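Structure first, commentary second.
In this text the structure is predicted, and so the values were computed from the model without any measurement. Chain A is the first sequence line, chain B the second, and so forth, proteins listed ahead of strands; every chain is numbered from 1.
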Number of protein chains: 2
Amino acid sequence: MATQPMRPPLKPVAAHSAFGDLSPAIVRELETVSLTNHYPTGAVLFSEGQAPRGIYLVESGLVKLSVCASDGRTLILRIAQTGEALGVASTIGARDYEATAEAQQPCDVTFIRQSDVLRMMRVHGEFALWITQLLSRDYNSTCREIRTLMLSGSASEKLARLLVGWLDDRPASSHPTRMKVPLTHEEIGQMIGTSRETVTRLMAGFRKQRMIAQEGATLVVSNRLALESLITA
Amino acid sequence: MATQPMRPPLKPVAAHSAFGDLSPAIVRELETVSLTNHYPTGAVLFSEGQAPRGIYLVESGLVKLSVCASDGRTLILRIAQTGEALGVASTIGARDYEATAEAQQPCDVTFIRQSDVLRMMRVHGEFALWITQLLSRDYNSTCREIRTLMLSGSASEKLARLLVGWLDDRPASSHPTRMKVPLTHEEIGQMIGTSRETVTRLMAGFRKQRMIAQEGATLVVSNRLALESLITA
DNA sequence: CCCTCATGGTGATTGAGATCACACACAGCT
DNA sequence: AGCTGTGTGTGATCTCAATCACCATGAGGG
């Protein structure tokens with residue numbers, strides 16, 4: 001749980017500019033209106049229900065996107081990585097932020113004000129298309145999320161899906177069966193919509209069946225196929 | 001359940017053009033590349049997993065957007081109404097359609113090819129912004145969906161949410177407590193992620209407690225506040 | 001007119017998982 | 001050392017809703 005009152009922007013950082021494949025002229029203009037900040041773990045970039053200020057581009061680190069109910073229960077929509085954009089839909093549509101964004105690790109994040117985003121979209125079709133592609137990625141991943149959350153019967157299936165999903169969208173460089181998992185069981189539960197205890201029990205079950213093993217904070221998927229066989233149900 | 005093989009486009013219709021507030025020049029150009037068709041109930045506009053062909057603008061009628069699991073269970077993402085756009089994210093991002101779109105009532109739907117969408121977005125920043133606003137609406141409503149589906153504990157809360165939600169996003173003209181519900185209990189169940197029987201029982205319970213009443217296919221919400229008190233949990 | 005199929009209505013049974021209630025391990029403090 | 005806090009591991013219950021099973025209704029169609 002984040003310590004609620006955490007003043008957002010801290011030490012500015014040299015802009016490495018993960019502006020992708022935009023043309024140099026546009027990148028130059030963006031650099032004049034963007035601002036890259038560093039956030040420590042737990043810092044809140046924006047909160048559910050706030051009026052949109054602009055968009056956030058993750059340059060490094062991990063950012064947790066979550067929504068929460070009045071009774072305190074929380075659902076983590078996704079953990080955004082380098083290259084992902086946050087708050088795009090709300091900024092474009094002028095609707096309140098739908099989720100809360102919180103640094104899951106120390107992050108560098110570039111901010112662009114709403115007015116600048118809208119102005120540049122009008123002027124540069126290429127930039128508009130780029131933004132829209134970011135948004136469409138968000139949309140697609142959200143659809144996937146809703147599908148796996150609702151159409152996967154058992155909690156064990158959801159967990160298995162999450163684990164193999166993690167294996168897949170990691171940099172191809174690293175070892176294909178080992179990964180660091182910087183999430184507590186509580187947070188994993190919030191990702192798949194189950195209680196912390198259920199996550200603990202399922203992980204224990206997976207371990208007992210030699211599907212996974214743990215070495216400190218590193219998770220080793222020792223039998224990926226067995227995990228995958230839990231999917232589909 | 002839709003009769004699977006249903007050839008899409010049928011009788012062309014005069015384009016009333018729900019192109020919103022776009023400038024006349026752009027509307028004129030759009031009219032040269034768009035095509036409005038009529039679809040009977042049950043017709044499939046596109047299916048989950050297909051390569052994107054373009055975007056669909058609902059001119060009249062209702063279109064059901066759903067995803068389904070391998071075991072046949074189905075989740076209805078939303079029922080799109082006049083003015084809504086379908087397939088935008090997939091068309092922009094060049095990813096397969098995430099859902100299946102099926103005419104829930106006889107519909108008129110305008111189609112624009114992917115290549116035309118992308119070309120016009122590059123050329124006309126205003127058009128790009130318009131498209132992005134459509135997409136951001138989709139995104140926001142999908143976030144709402146995921147929130148109510150996952151963060152509402154009981155099935156009765158989800159159903160209550162659905163009903164009052166329906167009351168709200170209806171044309172302000174009609175009677176505020178009466179509405180036609182063109183959905184079966186099965187379909188309602190697919191919207192809130194519960195079984196048909198549970199929907200039947202809940203509706204019976206609501207009726208017994210005088211929260212709602214039914215007059216044929218028309219639903220009367222006789223005690224909206226009682227329904228709303230079920231929300232929050 | 002009877003048949004059939006889709007839908008609505010209800011009971012009985014069952015199970016997966018939430019919840020409550022602990023105990024344990026391993027930090028980082030002072 | 002001792003404390004405190006956060007994360008994990010596990011048992012015992014309990015509850016909601018899925019599931020199975022069946023009947024009623026009503027519309028359409030030969």
Side-chain angles (χ1 to χ4, degrees), chain A residues 1-3 41-42 64 69 71-76 104 149-162 180-209 212-219 230 233, chain B residues 1-4 40-42 64 69 71-76 102 104 148-162 180-209 212-219 230 233:
Chain A
M1 212 57 53
T3 51
T41 300
K64 178 169 74 177
D71 65 354
R73 291 184 322 135
T74 297
L75 180 68
I76 297 176
Q104 178 73 12
L149 250 38
M150 296 302 296
L151 290 181
S152 308
S154 61
S156 62
E157 185 182 345
K158 290 183 209 166
L159 182 56
R161 278 207 140 88
L162 188 70
K180 280 200 357 217
V181 177
L183 298 177
T184 67
H185 288 181
E186 173 85 41
E187 287 171 314
I188 294 173
Q190 291 170 348
M191 293 198 75
I192 62 178
T194 66
S195 67
R196 184 225 112 213
E197 294 93 320
T198 298
V199 173
T200 300
R201 279 187 247 271
L202 288 173
M203 296 281 265
F206 288 178
R207 244 182 287 119
K208 205 148 292 169
Q209 295 175 54
I212 63 173
Q214 271 164 255
E215 303 173 2
T218 297
L219 184 78
L230 294 181
Chain B
M1 214 55 56
T3 51
Q4 250 338 49
T41 300
K64 179 170 72 177
D71 65 354
R73 290 184 322 135
T74 298
L75 180 69
I76 297 176
E102 173 188 338
Q104 177 74 12
T148 62
L149 283 174
M150 297 302 297
L151 291 181
S152 310
S154 61
S156 63
E157 186 182 343
K158 289 184 209 168
L159 182 56
R161 278 208 141 89
L162 188 70
K180 280 199 1 215
V181 177
L183 297 177
T184 66
H185 287 182
E186 173 85 42
E187 287 171 315
I188 294 173
Q190 291 169 348
M191 293 199 74
I192 62 178
T194 65
S195 68
R196 184 223 109 215
E197 294 94 320
T198 298
V199 173
T200 300
R201 278 188 250 271
L202 289 173
M203 296 283 265
F206 288 177
R207 244 182 287 120
K208 205 148 293 169
Q209 296 174 54
I212 63 173
Q214 272 165 255
E215 303 173 2
T218 297
L219 184 78
L230 294 181

* Asked: Which heavy atom in A:T198 sits nearest to a heavy atom in A:S195, and how many Å separate them?
  -> OG1-OG, 3.0 Å

* Structure fact -> Closest of C:dT10, C:dG17, D:dA18 to the B:T194 side chain is D:dA18

* Asked: Can you find an N or O donor on one side and an acceptor on the other, under 3.5 Å apart, linking the side chain of B:R201 with the base of D:dT19?
  -> yes

* To do: Return the value, rounded to whole Å, for the distance between atom CZ of B:R196 and atom P of D:dC22.
  => 15 Å

* Atom CD of B:E157 and atom C1' of C:dA18: how far apart are they, to the nearest Å? -> 16 Å

* Choose from C:dC20, C:dT10, C:dG17 the nucleotide whose nearest atom is closest to any side-chain atom of A:A155. => C:dG17

* Atom CD1 of A:I188 and atom P of C:dG17: how far apart are they, to the nearest Å? -> 16 Å

* Asked: With a non-hydrogen cut-off below 4.0 angstrom, is B:G193 in contact with a base, only sugar-phosphate, or nothing?
  -> sugar-phosphate

* Asked: Base, sugar-phosphate, or nothing for B:R207, non-hydrogen atoms under 4.0 angstrom?
  -> sugar-phosphate

* Asked: Tell me: CG of B:L230 to C1' of D:dC16, nearest whole Å?
  -> 15 Å

* To do: Counting heavy atoms from C-beta on, name the nucleotide in D:dT8, D:dA17, C:dG8 closest to the side chain of B:T200.
  => C:dG8

* To do: Check the pair B:R161 / B:I192 against side-chain contact (heavy atoms from CB on, under 4.5 Å), numbers first and verdict last.
  => CA-CA 9 Å; B:R161 278 208 141 89; B:I192 62 178; over 6 Å; no

* Asked: Between A:R73 (CZ) and C:dG17 (C1'), how many Å, whole number?
  -> 13 Å

* Asked: When all nucleic acid strands are considered with a 4.0 Å heavy-atom cut-off, which category describes A:T198: base, sugar-phosphate, or nothing?
  -> sugar-phosphate

* Asked: Distance-only, no hydrogens or angles: does the A:R196 side chain make a donor-acceptor pair with backbone N or O of A:H185 under 3.5 Å?
  -> no

* Asked: Rounded to whole angstroms, how far apart are CG on B:L151 and P on C:dA18?
  -> 13 Å

* Which one of B:Q190, B:K64, B:M191 satisfies the side-chain contact (heavy atoms from CB on, under 4.5 Å) criterion with B:T74? -> B:Q190

* Under 4.0 Å: is that the gap between some side-chain N or O of A:H185 and OP1 or OP2 of D:dG9? -> yes

* Asked: Considering only side-chain heavy atoms of B:E197, which listed nucleotide, D:dT10, C:dA18, D:dC20, is closest?
  -> D:dC20

* Asked: Under 3.5 Å, side chain of B:Q104 to main-chain N/O of B:P182, donor-acceptor pair present?
  -> yes

* **Rounded interatomic separation in angstrom, taking CE from B:M203 and C1' from C:dT7** => 13 Å

* Separation of atom CD in A:E187 from atom P in D:dG7, rounded to whole Å -> 8 Å

* **Contact nearer the 5' end of DNA chain C, comparing B:T184 with A:L202** => B:T184

